[in-house]
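This is the structure, below, for whatever I ask next.
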Amino acid sequence: MAFHNWETDVRPMSAILRAWRDNHGWSRAQTAEALRVHPAALNAWFDGSRTPGQESAIRRLMTLIDRAENPEW
């Protein structure tokens with residue numbers, strides 16, 4: 001997996017969440033756990049019916065999780 005800055009990705013949140021989950025090979029439940037959000041909220045983000053109130057913070061968290069897992073980035 002190559003480094004991706006989720007904060008600057010211009011795609012909708014639902015698209016970047018799917019890409020991020022797929023990059024990690026996680027289930028939706030694992031993705032919700034990693035982001036520390038309720039699975040129902042994550043499901044709404046995935047289907048695009050809602051976006052996180054703090055979308056920029058979630059995007060930053062996704063980037064930081066990737067960097068923590070891959071310190072060479």
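Index from 1, following the sequence.
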Q: Quick one: closest heavy-atom pair of S14 and W45, and the distance?
A: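 Scanning both residues completely, I find the closest heavy atoms to be CB-O, 3.2 Å.
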Q. Is there side-chain contact between L35 and W20, with at least one heavy-atom pair below 4.5 Å?
A. yes
(Q) Using every non-hydrogen atom in the two residues, find where P39 and A32 come nearest and quote the distance to one decimal. (A)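 Nearest heavy atoms, P39 then A32: CA-CB, 4.1 Å.
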Q: Scan D66, I65, I58 and name whichever one has a side chain to side chain contact (heavy atoms under 4.5 Å, CB included) with M62.
A: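 The option that passes is I58.
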Q) About how many Å separate CD of E55 and CZ of R50, when rounded to the nearest 0.5 Å? A) 12.5 Å
Q: Identify whether V37 and L64 are in the same connected component of the hydrophobic contact network (ILVMFWY, side-chain heavy atoms under 4.5 Å).
A: no
Q.
Using the side chain to side chain contact (heavy atoms under 4.5 Å, CB included) definition, which of the options R60, R67, R59 pairs with T63?
A. R67
Q) Distance from E7 atom CD to I16 atom CD1, nearest 0.5 Å? A) 9.5 Å
Q) Does R11 reach the side chain of W6, with side-chain heavy atoms less than 4.5 Å apart? A) yes
Q. Has the side chain of Q30 got a donor or acceptor atom that lies under 3.5 Å from a matching backbone atom of S27?
A. yes
Q | Residue pair W26 / R21: nearest heavy atoms and the distance that separates them | A |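 So the minimum-distance heavy-atom pair works out to O-CG, 3.0 Å.
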